[in-house]
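Structure first, commentary second.
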Amino acid sequence: DEDVCETQGNCAYKDINIDTVTVQLNNMGKDTGLKYAAFGTVLYNITAGNETGKDISLFYGGYDALSAQASDLPQVGTEMNFEGKALAQVENEINNEDVSKLYNGTANLTFKDGKETLVADFTDWHKVTIKTEDSNPSGYAFTFENTPTDTNFKVPNNYYAQKAADIKYYGENLKNPDEFVGSAFYQAGNFNAEMVFGGTRK
């Protein structure tokens, strides 16, 4: 938008003529056995003149008509366990430059009596536990364990960090779902971590 551009004073993008953009979708949900939902990465390859670049974003979602949230499931005397995979895209400012890394991991989700516990264990990064916590403004509490191989991407312990999670269940019987997908993010200053995950019923 030109008005916004002028207000922000950063209009470099107006001088760039993008020649081609190709999009590659990597649906990890398919590899995980999901039928009603999906999650993974979208890779953008961009060509502008003699310059080339890449950008990666994460995605998740599924059939709305076959989706439920934790509050829709039986809240008493119910335990469900799911296992699958997880992705984390982590960004931080290193030497005045924004740098990002993509991490792969496993995901295990337990739903018991209305409460959720998700454990996403990433190779070379953190083991992340996300638990239902009603007193937390985001509805979830986050715990990070282990030290990443590259300490530039270690999660900073910041009281004012912004964090949130979204977990949805899918299946033909929404009181007894077959699978789940979800996302979470943690942001503190220049540090940003976005996660997506999904799995099937054990």
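Note that these values count all heavy atoms, side chains included, but never hydrogens, waters or copies made by symmetry.
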* Structure fact -> Tightest non-hydrogen contact, residues Ala88 and Met195, listed as CB-CG, 3.8 Å
* Asked: Closest approach of Ala38 and Asn27, non-hydrogen atoms and distance?
  -> CB-OD1, 3.4 Å
* Please lay out, stage by stage, how Lys30 and Thr32 fare under the test side-chain contact (heavy atoms from CB on, under 4.5 Å). => CA-CA 5 Å; Lys30 184 177 181 181; Thr32 311; over 6 Å; no
* **Candidates Asn176, Leu109, Asn81 - the one meeting side-chain contact (heavy atoms from CB on, under 4.5 Å) with Arg201** => Asn176
* Mind listing the closest non-hydrogen atom pair of Leu174 and Ser67 along with its distance? => CD1-O, 3.5 Å
* Side-chain ion pair, Asp150 and Lys101, N-O less than 4.0 Å -> yes
* To do: Scan side-chain atoms only and decide if Tyr186 and Asn192 contain a donor-acceptor pair under the 3.5 Å cut-off.
  => no
* Look at the side-chain heavy atoms of Ile, Leu, Val, Met, Phe, Trp and Tyr, link any pair under 4.5 Å apart, and say whether Leu66 and Phe180 land in one connected group. => no
* Thr132 and Thr117: side-chain contact (heavy atoms from CB on, under 4.5 Å), yes or no, with the steps? -> CA-CA 7 Å; Thr132 303; Thr117 300; over 6 Å; no
* Got a sec: does the CG of Asn157 have more than 12 other heavy atoms crowding it under 6.0 Å? -> no
* To do: Supply the atom-to-atom distance Leu25 CG to Leu43 CG, rounded to the nearest 0.5 angstrom.
  => 10.0 Å
* To do: Treat each ILVMFWY residue as a node, draw an edge where side-chain heavy atoms are under 4.5 Å apart, and state whether Ile130 and Tyr169 are in one component.
  => yes
* Given Tyr63 and Tyr36, is the ring-ring contact (aromatic ring centres under 6.0 Å, His included) satisfied, shown in steps? -> CA-CA 6 Å; Tyr63 292 108; Tyr36 311 108; 7.0 Å; no
* Would you give the length of the straight line joining atom OG1 of Thr41 to atom CG of Leu58, rounded to the nearest 0.5 angstrom? => 7.5 Å
* Check for a donor-acceptor pair, side chain of Gln75 on one end and backbone N or O of Ala70 on the other, with a separation under 3.5 Å. => yes
* Asked: In the single-linkage hydrophobic clustering (I, L, V, M, F, W, Y; side-chain heavy atoms under 4.5 Å), do Phe59 and Leu102 co-cluster?
  -> no
* Asked: Which pair of non-hydrogen atoms, one from Val76 and one from Asp113, has the smallest distance, and what is that distance?
  -> C-OD1, 3.6 Å
* Strictly by modelled atom types, are Glu116 and Tyr140 linked by a side-chain donor-acceptor pair under 3.5 Å? -> yes
* Asked: Does some side-chain heavy atom of Tyr170 sit less than 4.5 Å from a side-chain heavy atom of Lys35?
  -> no
* Do the side chain of Glu83 and the main chain of Thr200 share a donor and acceptor less than 3.5 angstrom apart? -> no
* Indicate if Ile167 and Val119 have the same hydrophobic cluster label, given that clusters are the connected sets of ILVMFWY residues with side-chain heavy-atom separations under 4.5 angstrom. => no
* To the nearest 0.5 Å, tell me how far Ile56 CD1 sits from Gln24 CD. => 9.5 Å
* Between the side chain of His126 and the main-chain N/O of Asp121, is any donor-acceptor distance below 3.5 Å? -> no
* Asked: Just checking, is any N or O donor in the side chain of Gln187 or Tyr160 under 3.5 Å from an acceptor N or O on the other one?
  -> no
* Starting at CH2 of Trp125, measure out to CZ of Phe144 and round the result to the nearest 0.5 Å. => 5.5 Å
* **Shortest non-hydrogen separation from Met28 to Lys85 and the atoms involved** => CE-CD, 3.5 Å
* Asked: Take atom CD in Glu51; do more than 12 heavy atoms of anything else shown fall under 6.0 Å from it?
  -> no
* Asked: If Ile, Leu, Val, Met, Phe, Trp and Tyr residues are connected whenever their side-chain heavy atoms lie under 4.5 Å apart, and connections chain through other members, are Phe122 and Leu118 in the same group?
  -> yes
* Asked: Within a reach of under 6.0 Å around NZ of Lys163, are more than 12 heavy atoms found that belong to other residues, nucleotides or ligands?
  -> yes
* Full working for side-chain contact (heavy atoms from CB on, under 4.5 Å) between Thr52 and Asn45 -> CA-CA 7 Å; Thr52 59; Asn45 291 289; over 6 Å; no
* Structure fact -> In this structure, OG1 of Thr78 is separated from CG of Leu73 (nearest 0.5 Å) by 8.0 Å
* Take atom NZ in Lys202; do more than 12 heavy atoms of anything else shown fall under 6.0 Å from it? -> yes
* Would you please indicate if the ring centroids of Phe153 and Phe191 are separated by under 6.0 Å? => no
* Over all atoms of both residues, closest heavy-atom pair of Lys154 and Pro148 -> CA-CG, 3.7 Å
* 4.5 Å side-chain heavy-atom contact, Phe197 and Val181 -> no
* To do: Answer yes when Asp134 and Lys115 have at least one side-chain N-carboxylate O distance shorter than 4.0 Å, and no when they do not.
  => yes
* To do: May I ask you to decide if Ala193's main-chain N or O and Gln89's side chain share a donor-acceptor pair within less than 3.5 Å?
  => no
* To do: Consider only side-chain N and O atoms of Asn104 and Thr123, and report whether a donor and an acceptor are under 3.5 Å apart.
  => no
* Going from CG on Asn152 to CG on Asn92, what distance comes out if it is rounded to the nearest 0.5 angstrom? -> 7.0 Å
* **Ring centres under 6.0 angstrom apart (Phe111, Phe82)** => no
